[in-house]
2 protein chains.
Amino acid sequence: MKPTLQAVADAVGVSRSTVSNAYSRPDQLSATLRERILDAARQLGYPGPNPTARSLRRGFVGSIGVLFTSQLSYAFTDPFAVRFLAGVGAAAERHGTSMLLVPLPRAVTDARQAVENAAVDGFCVYCVADEEWALDVIRQRGLPFVSTAARDDASADERFVGIDERAAARSAAAHVAGLGHRRVALLADSVLPDTPAGPLTLAGVDQVPHPTTRGRLSGFADAFAEVGVGWAELTLVNVPGNSRPAAAAAIAGLFDQPAPPTAVLAGSDVLALGVLDALAARPAHDRPTVSVTGFDDVPEAAAAGLTTVRQPAEEKGRIAAELLLDPPADAAAGHVLLPTALVVRGSTGPVPRS
Amino acid sequence: MKPTLQAVADAVGVSRSTVSNAYSRPDQLSATLRERILDAARQLGYPGPNPTARSLRRGFVGSIGVLFTSQLSYAFTDPFAVRFLAGVGAAAERHGTSMLLVPLPRAVTDARQAVENAAVDGFCVYCVADEEWALDVIRQRGLPFVSTAARDDASADERFVGIDERAAARSAAAHVAGLGHRRVALLADSVLPDTPAGPLTLAGVDQVPHPTTRGRLSGFADAFAEVGVGWAELTLVNVPGNSRPAAAAAIAGLFDQPAPPTAVLAGSDVLALGVLDALAARPAHDRPTVSVTGFDDVPEAAAAGLTTVRQPAEEKGRIAAELLLDPPADAAAGHVLLPTALVVRGSTGPVPRS
DNA sequence: GCTAATCTCTGTATCGATTCAGACTGGATC
DNA sequence: GATCCAGTCTGAATCGATACAGAGATTAGC
C-alpha cells in the first residue's frame, strides 16, 4: 500500500496540513521544514498528493473533455478532426491542462453515462452527429462547453466557434454552377440517421437533422436555385460514415444512370476523395469527366488537386479550447466565426460537351 | 450549487447508500424505490454521482494516460503517432475507458508534476525522447504502464510492445547497400539532445541516448559494416525535431559537398519525406539522384513512392492499450514484438554512374 | 411452525487530500 | 512594556461519494 500524506506527516511529526502545504504552498512553511518533509516523503516512497483526492477537495480537475459523437477511432481517421485536435492540444498545452478523449458507446444510455462520468472541467464538443443529448447531459452537470456546430436553439451565452457553413458551401456550388453544371449530385455523410448508402429523396433540406450537414446542403442548394435549378432537380446521395470507401461505394452506381451528374459536391474532402477514388477505379475508356468539390481543405486535398472550401482546422480547435479555458468576459466574444475560402484546383472544370 | 447525493436522499427520505445504489447497483434495491429516487434526482437537477468523488472512493479512475515526451501538438502532427493513437483509442473504446493526453511542460520539474498529477489508472508511454524520468514518476506512483521503446534496463515484468528496431533498420540498409551505395548519410531526429541541425561526428552509435534512434542507427551501421563500410565512413546528420521542414533544412547543404552521399537513410518517413522535399526544391539540372529510405510506412510514404520499413502503427497502439487494460497473466506475454517488412518503392535505386 | 435464505435498506467508516480560522513565537514599533 | 505584525504551524471541517456489515421484514423449505 502506498503511503498517504498522513503517513508522511506522522513520520516527520507534523500535521497533515503542513505536509500538504509543503507540496502546494511552499510559502506557508519554513524552507528547512519543507525540505525535511520532502526528504521523508522520498524515503517513504510517497508518490505526492493523490490527484483524485486533490481534485475532489479543490473542486476542479485540470482537464477538458473532447467529445466526438461517433467512434473515438474516427477522430484519428478523419484528417480534419486530427487537425482540430492538434489545435485543442496546443491550447491545452498553453494552459497546462490535459485533454480527455471520451469514447461514446453506441447505445445512447451508455453514452449518456460516459459523459456523466467524465472527470473534466468542461467540454469541447466536436460534432459529427446529433449531439443534443450530449449537450443536455453537460448542461445538467453544470459544466461549461464550447460547441463547433451552430444550432438554432443555442442560447446567447453558449460559446461557439465555427464557420458560416451555408455561405461557405454556397461559394463552392456557385463556382460549379458558374462552370455550367446543371446535373449535380450532392454527397453528404449521414443525411438521415440509419439510412442506406446511395441516392435519397428528401422533400426539403430542412429535413436534415444535423446542423452542419444541413447548412452545407442549404448552401449548395442556394447557389443552384439562383441559376434556376431547384432542390428537386438535385440528386442527393447519402453516405453512411465519413470515409473514402463509403463515399466511393455510395456514388459508384450513379455514373451508369441515363443522365449522370456532371458534378458532385461533397460535404467533406474525405467524401470528395472517395468520389475521385470511385472514378479512378473505372477503366479509362469508361471514365466520365466529372467535376468534384470537397470541403475543409485537408492536406490530402492539395495533393489530389481537389477544389474545396478551406476552413482553419487547427484554429478552430485552438479557439474552442481557449474559449473554454479562458472565457471572454464579453458574451459576444464567445461566439467566433472563422473565415473560409474557396480553393479552386484541378478537380473542377467546365461541363464536357458530349 | 448543484445538489449532492445527500440532497436526493433527504428529498426521498432514504439513506445516502440507497441513492448511491440506485445509480451504481440497481439490483440492490426495489425497482419502484429506484424509480422514485431517479425521479427525485431529475426534479432536483442532480447531475448524477460526482465522477471525482466516485474515483476517490473506488480507487480507480477509468481512464488511461498517453504520454508523449514532447509537445502534445506533435502527437497530432506525426502521422505515425496519430495512427498509434487511433489504435489506443480503439482499445480504450472496447474497454469503456477514456484516454487522457497529458501535455508536458519543457521544464523537467514541471513535467514531472504533470505526470504526478494526471488522474489515470496507467500509462501508455509513447517515447519520442528520453523518458526515464517519466517512467520513474510512474513507478513511484505505483501505476502500471506499457512502453513502446525497448530499454536495456527494463525489468522482466515491464510490459512492452514494439519492434526489433535494429533488425528492421538493417533490412532497409541492406537493401540500399545491395544497390551498391557506399557513400551514405544517416538522418535521425535528436541524435543528441540540444544539438544543432546538420552533420555530426559521433565516436560510436552507443553514444545515442534514445533507445529507438540508437536501435535504428545500429541497424543501419550493421548492414554497412557487412559490406566494409565502417561507422566513421557514414555521415550522421542530426535533425532537431521530427518534421519535414526540419529534415529538409538539415540535409540541404549536404549535396553541395565534394563527395555527396548517394543515399540517405532516414530514421522516420517524415524525415525521409523532408529529404525528398529538399531534393525537389533544387532546380532540375542540379538535382542529384539520391536513394532515400524512410521508416514506419505512414500513408504519405506510399503516395511519395518512398522505400521504407513498415511497422503496424495502429496495432502497436491497440496492443499497448490492451496490455495495460487487460494484462496477460503470463509475464512473457506482456512483451510483444511486432513484425516489420521492408517495402521497396521508387525512392531507392542503383548508384548512378557519373 | 420454525429455521434458513432472500430481499431491502441503513449507518458508519473510509477514500486522501485542502482549507481556513486561529494558536503560538519572536521580533519590531512607539 | 503594551501592541501589533509577520511568520509558522495545527485541528477540525469538508469535498461527494462507495463499501460493508448488519438490521428487519418476507419468503421458502420441510
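Computation of the quantities below employed the complete heavy-atom set of this structure, encompassing side-chain atoms and omitting hydrogens, waters and symmetry-equivalent molecules. In what follows, chains carry the letters A, B, and so on, assigned in the order in which the sequence lines appear, proteins first and then strands, with residues in each chain numbered from 1.
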Is there a side-chain contact between B:Y23 and the phosphate of D:dG16, meaning an N or O under 4.0 Å from OP1 or OP2?
no
Could you state the atom-to-atom distance from CG of A:N117 to C1' of D:dG16 in whole Å?
14 Å
Rounded to the nearest Å, what distance is computed from the CZ atom of residue B:R58 to the P atom of nucleotide C:dA17?
20 Å
Nearest to side-chain heavy atoms of A:S17, which nucleotide of D:dA17, D:dT10, C:dA17
D:dT10
Point-to-point distance, once rounded to the nearest 0.5 Å, from CG of A:L67 to OG1 of A:T148:
10.5 Å
Check the orientation of B:Y126 and B:F68. Use parallel for under 30°, tilted for 30 to 60°, and perpendicular for over 60°.
tilted
Polar side chain donor-acceptor pair, A:E158 to A:H335, under 3.5 angstrom
no
Students often get this wrong, so: under 4.0 angstrom with heavy atoms, is B:S24 touching a base, only sugar-phosphate, or nothing?
sugar-phosphate
Output the distance between atom OG1 (B:T97) and atom CG (A:L101), rounded to the nearest 0.5 Å.
12.5 Å
Between protein and nucleotides 21-26 of chain C, what N or O pairs are separated by less than 3.5 Å?
none

Indicate whether any N or O donor in one side chain lies under 3.5 Å from an N or O acceptor in the other, for A:R54 and B:N117.
yes
What's B:F60 touching, base or sugar-phosphate or nothing? Going by heavy atoms closer than 4.0 Å.
nothing
Rounded to the nearest Å, what distance is computed from the CG atom of residue A:N50 to the P atom of nucleotide C:dG16?
7 Å
B:S20 and B:S17: side chain donor to acceptor below 3.5 Å:
no
Just by distance, no angles: are the side chains of A:S55 and A:T52 close enough, under 3.5 Å, to form a donor-acceptor pair?
no
When you measure from the side-chain N and O atoms of A:R57 to the phosphate of D:dT14, is any distance below 4.0 Å, counting only OP1 and OP2?
no
Which nucleotide in the list D:dA19, C:dA17, D:dA17 gets nearest to the side chain of B:R25?
D:dA19
Here's a test of your reading of the structure: between B:S20 and A:R16, which maps to the more 5' nucleotide of DNA chain D?
A:R16
Point-to-point distance, once rounded to the nearest 0.5 Å, from CZ of A:R159 to CG of A:L323
7.0 Å
Between the protein and nucleotides 5-9 of chain C, which nitrogen or oxygen pairs are less than 3.5 angstrom apart?
from	atom 1	to	atom 2	distance (Å)
C:dC9	OP2	B:S30	N	2.9
C:dC9	OP2	B:S30	OG	3.4

Please report the interatomic distance CD(A:E35) to OG(A:S30), rounded to the nearest 0.5 Å.
10.5 Å
Mind calculating the distance between CG (A:L56) and P (C:dT14) to the nearest angstrom?
18 Å
Measure up the A:Y46 and A:Y23 rings against each other and bin them: parallel (under 30°), tilted (30 to 60°), perpendicular (over 60°).
perpendicular
Please give the angle, rounded to 10 degrees, between the axes at the start and the end of the helix from C:dG1-D:dC30 to C:dC30-D:dG1, where five pairs define each axis.
30°
Report the C-alpha separation of A:R139 and A:D136 in whole Å, then their side-chain angles, then the decisive distance to 0.1 Å, and conclude whether the salt bridge (charged side-chain N to carboxylate O under 4.0 Å, His left out) test is met.
CA-CA 5 Å; A:R139 281 199 209 90; A:D136 279 347; 3.1 Å; yes
Check the side chains of B:Q43 and B:D39 for a donor-acceptor pair under 3.5 angstrom, ignoring hydrogens and angles.
no
DNA chain C: B:G13 or A:P3, which has the more 5' nearest nucleotide?
B:G13
